[in-house]
**Q** 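The structure is given below, and queries will be raised subsequently.
When a ligand or atom number is given, it counts from 1 through the structure's own listing order. Nothing fancy with the numbering, it's 1 onward along the sequence.
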Amino acid sequence: MSEIHGWAAHAAGAELSAYKYKVEELPPNEVEVKITHCGVCYSDVHLIDNDWGISKYPFIPGHEIVGKITAVGSGVQDRKVGDRVGIGWQADSCGICEWCRKGDEHLCAKAQPTCVGRNGGYAGSIRVNARFAVPVPEVLESENVAPLLCGGITVYSPLRNWLARPSSRVGVVGIGGLGHMGVQFAHAFGSEVTAFSTSADKAEEAKSLGAHHFVNTRDTGALKKVAGSFDLILSTVSADQDFQGFIGALRPKGTLVVLGASPSPIQISAFSLLAGQKAVAGSPTGSPSDLHEMLDIAARHGIKAITESFAMKDCNQAIAKVKKNQVRYRAVLKN
Ligand code: NAP
Ligand code: ZN
């Protein structure tokens, strides 16, 4: 028996404090990973604050992890001690249902999130099913790749699933952790990219990341000016927003993909969908196979998160800054 040291919230909205938990013999299908880096996704903040009503305390957040394997279970054949791996939102799945068999493990009804019902990555080490610890291409720096493991795959998957291509006009709403990677991926897909933001000071950087246009959503009538313009809009905002306005910004047959996980219900009029045969969809992270593919594309197209690093012990400072929308563009905790 040994101990893993991490940082946990002990109540909804509380600051994190040092916390340790005991682990027994490593299960046959798992690996233990010594964490070097862990991104701070807004989903960690939702969970700390119990926005989704599912949090249990003490709670160790963290699901954008990079580290080195320090132990492998007796049944693991394709990972070895010393491998550098990335771990995202998911730590395990049943492995035998229809969705797991198809390679869509992220849709498994028994999927186990990395930090829900398990202890997450704001810690020294973590254990997950080996299938969910994906090798990281050598050319990618650990700090810049950690945020791709959740935020990156969450914006990559809908671009791929809704067939973004050079003829597509793609909007990315919210240029935060997810959004700044969404702009880069949409650019790599060859689409015409528009960044929607409440922060005027992000305009230049959004353009340098590959956005062709920048819309400040705080400007009066900003969405009306782009009505009927987009084939695909990815909404990454963590708070309530003008979803009806973004439906108006879609071209006929366009789709608004909701990625942000604000707990409030979304209000959209039926007629605004009927008239232009428009759709609203949701999209959750991605499977291990999607992660492999996304990391390969990131390596080949030079896509990486722009990060601001904090020592793991300063996780509360990082969280406070994320809550104030002051991070450019992803906080990453380092051991
Ligand atoms: P983030 O880094 O804080 O970025 C969110 C961005 O949304 C902010 O940078 C800001 O961009 C904009 N924003 C924030 N508050 C706003 C408000 N009140 N009104 C309008 N815009 C606002 O957060 P993140 O880590 O990217 O996560 C974003 C959301 O995605 C969270 O809800 C998270 O839980 C969710 N998420 C979902 C999945 C999934 O599987 N679907 C995966 C990961 C995360 P501007 O300054 O440009 O306006
Ligand atoms: Zn996340």
Side-chain angles (χ1 to χ4, degrees), residues 38-52 54-55 61-65 86-91 106-107 111 113-116 120-122 146-158 161 171-183 194-207 209 211 214-219 222-223 234-243 245-246 256-264 266 281-287 290-291 294 305-308 318-332:
C38 185
V40 179
C41 175
Y42 206 95
S43 298
D44 292 331
V45 177
H46 287 309
L47 285 164
I48 292 167
D49 290 350
N50 199 18
D51 287 344
W52 301 333
I54 60 167
S55 305
H63 58 272
E64 289 185 344
I65 299 162
I87 299 161
W89 175 253
Q90 204 175 341
H106 58 303
L107 304 179
T114 301
C115 65
V116 179
Y122 295 10
L148 288 166
L149 276 318
C150 173
I153 190 66
T154 300
V155 289
Y156 173 77
S157 293
N161 295 337
V172 179
V173 188
I175 308 304
L178 268 61
H180 90 288
M181 294 186 273
V183 167
T194 300
F196 290 93
S197 174
T198 60
S199 308
D201 65 328
K202 292 181 179 174
E204 282 317 306
E205 206 144 27
K207 287 187 178 164
L209 292 172
F214 182 88
V215 174
N216 182 342
T217 47
R218 288 211 197 280
D219 289 347
L223 291 184
L234 309 184
S235 176
T236 76
V237 174
S238 50
D240 299 343
Q241 53 173 321
D242 182 8
F243 285 109
F246 287 108
L256 169 68
V257 183
V258 178
L259 302 172
S262 164
S264 335
I266 294 173
S283 182
T285 59
S287 66
D290 297 334
L291 282 168
M294 176 211 51
I306 299 175
T307 58
E308 194 175 328
I319 292 163
K321 224 172 158 183
V322 170
K323 281 187 160 182
K324 288 190 246 167
N325 191 22
Q326 285 174 348
V327 174
R328 300 289 185 272
Y329 286 83
R330 187 56 120 203
V332 174

**Q** Can you list the steps and then say if S235 with Q241 is a side-chain hydrogen bond (donor to acceptor under 3.5 Å, both in side chains)?
**A** CA-CA 10 Å; S235 176; Q241 53 173 321; 2.5 Å; yes
**Q** Counting each atom of ligand 1 from 1 as listed, which ones have a heavy atom of R330 under 4.0 Å away?
**A**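 Those atoms are 2 (O), 24 (P), 25 (O).
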**Q** Is there a donor-acceptor pair closer than 3.5 Å between any side-chain N or O of R328 and the backbone N or O of T307?
**A**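 No; judged by distance alone, with no hydrogens or angles, the pair does not exist.
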**Q** Considering just N/O/S atoms, say which atom of H63 is closest to the Zn ion (ligand 2).
**A**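 It is NE2 of H63.
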**Q** Show the atoms of ligand 1 that are less than 4.0 angstrom away from any heavy atom in P284.
**A**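 The atoms of ligand 1 under 4.0 Å from a heavy atom of P284 are 40 (O).
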**Q** Just how far is it from atom OG of S199 to atom CD1 of I175, taken to the nearest 0.5 Å?
**A**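 Reported to 0.5 Å precision, the distance equals 9.0 Å.
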**Q** Distance to 0.1 Å, residue and atom name: give those for the protein heavy atom nearest to atom 9 (O) of ligand 1.
**A**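 Scanning the protein heavy atoms, the shortest distance from atom 9 (O) of ligand 1 goes to N325 OD1, 2.7 Å.
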**Q** At what distance, to the nearest 0.5 angstrom, does CD1 of I65 lie from CG of L149?
**A**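 I65 CD1 to L149 CG: 8.0 Å, rounded to 0.5 Å.
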**Q** Which atoms of ligand 1 are found less than 4.0 Å from any heavy atom of C150?
**A**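 Once the distances to C150 are compared, the set is 42 (C), 43 (C).
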**Q** Decide whether the shortest distance between a heavy atom of H46 and an atom of ligand 1 is less than 4.0 Å.
**A**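 It does; at least one heavy atom falls under 4.0 Å.
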**Q** Checking side-chain contact (heavy atoms from CB on, under 4.5 Å) between I153 and each of M294, H106, E64, which is the one that passes?
**A**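 So, applying the side-chain contact (heavy atoms from CB on, under 4.5 Å) to I153 and each of M294, H106, E64, only M294 qualifies.
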**Q** Hey, what do you get for CG (L107) to OG1 (T285), rounding to the nearest 0.5 Å?
**A**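 Reported to 0.5 Å precision, the distance equals 8.5 Å.
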**Q** Tell me the protein heavy atom at minimum distance from atom 21 (N) of ligand 1, and give that distance in Å.
**A**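 Result for atom 21 (N) of ligand 1: V237 CG1, 3.4 Å.
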**Q** Name the closest protein heavy atom to atom 20 (C) of ligand 1, giving the residue it belongs to and the distance to 0.1 Å.
**A**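 Among all protein heavy atoms, the one nearest atom 20 (C) of ligand 1 is T198 CG2, 3.5 Å.
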**Q** Taking only heavy atoms of K202, which atoms of ligand 1 are found under 4.0 Å from at least one of them?
**A**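 So the answer, numbered in order with elements, is 9 (O), 11 (O), 45 (P), 46 (O), 47 (O).
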**Q** Which residue, E308, H180, E205, forms the side chain to side chain donor-acceptor pair (under 3.5 Å) with Y329?
**A**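 Of all the options given, the one that passes is E205.
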**Q** Which ligand 1 atoms, with their elements, are less than 4.0 angstrom from a heavy-atom of A239?
**A**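 Those qualifying, in numeric order: 17 (C), 18 (N).
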**Q** What protein heavy atom sits nearest atom 38 (C) of ligand 1, and how far off is it?
**A**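 Protein heavy atom at minimum distance: T154 CG2, 3.5 Å.
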**Q** If only atom types and distance count, is the side chain of S197 paired as donor or acceptor with the main-chain N or O of G174 below 3.5 Å?
**A**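 No: the side chain of S197 does not pair with the backbone of G174.
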**Q** Is D290 reaching over with its side chain to a backbone N or O of S287, donor-acceptor style, under 3.5 angstrom?
**A**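 Here the side-chain-to-backbone pair exists.
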**Q** What is the nearest protein non-hydrogen atom to atom 28 (C) of ligand 1, stated with its residue, atom name and distance?
**A**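 Protein heavy atom at minimum distance: T236 O, 2.9 Å.
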**Q** What class does the angle between the rings of H63 and W89 fall in, given that below 30° is parallel, 30 to 60° is tilted and above 60° is perpendicular?
**A**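 Ring orientation, 0 to 90° scale: perpendicular.
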**Q** Considering non-hydrogen atoms of the protein only, which is the closest contact for atom 11 (O) of ligand 1, and what is the distance?
**A**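 Of the protein heavy atoms, I175 N, 3.4 Å lies nearest.
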**Q** Any idea which atoms of ligand 1 are less than 4.0 Å away from a heavy-atom of G177?
**A**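 Reading through ligand 1 atom by atom, the close ones are 1 (P), 2 (O), 4 (O), 26 (O).
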**Q** To the nearest 0.1 Å, how far is atom 47 (O) of ligand 1 from its closest protein heavy atom, and which atom is that?
**A**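 The closest heavy atom on the protein side is S197 OG, 2.5 Å.
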**Q** Going through the distances and angles, do I48 and I319 end up as a side-chain contact (heavy atoms from CB on, under 4.5 Å)?
**A** CA-CA 10 Å; I48 292 167; I319 292 163; 3.6 Å; yes
**Q** Check this for me - ligand 1, L259, N or O atoms closer than 3.5 angstrom, yes or no?
**A**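 Min N/O separation from ligand 1 is below 3.5 Å for L259.
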**Q** In this structure, does ligand 1 have an atom that sits under 4.0 Å from one of the heavy atoms of W52?
**A**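 Contact present.
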**Q** What residue and atom, counting heavy atoms only, is the protein's closest point to atom 14 (C) of ligand 1, and at what distance?
**A**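 Of every protein heavy atom, S238 OG, 3.9 Å lies nearest to atom 14 (C) of ligand 1.
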**Q** Determine, using heavy atoms of G179 and all atoms of ligand 1, whether some pair is separated by less than 4.0 Å.
**A**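 Heavy atoms of G179 never come under 4.0 Å of ligand 1.
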**Q** May I ask whether G151 places a heavy atom under 4.0 Å from ligand 1?
**A**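 No, G151 has no heavy atoms under 4.0 Å from ligand 1.
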**Q** Quick check: does any side chain N or O of N161 sit under 3.5 Å from a backbone N or O of S157, one acting as donor and the other as acceptor?
**A**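 Flag set: sc N161 to bb S157 pair under 3.5 Å.
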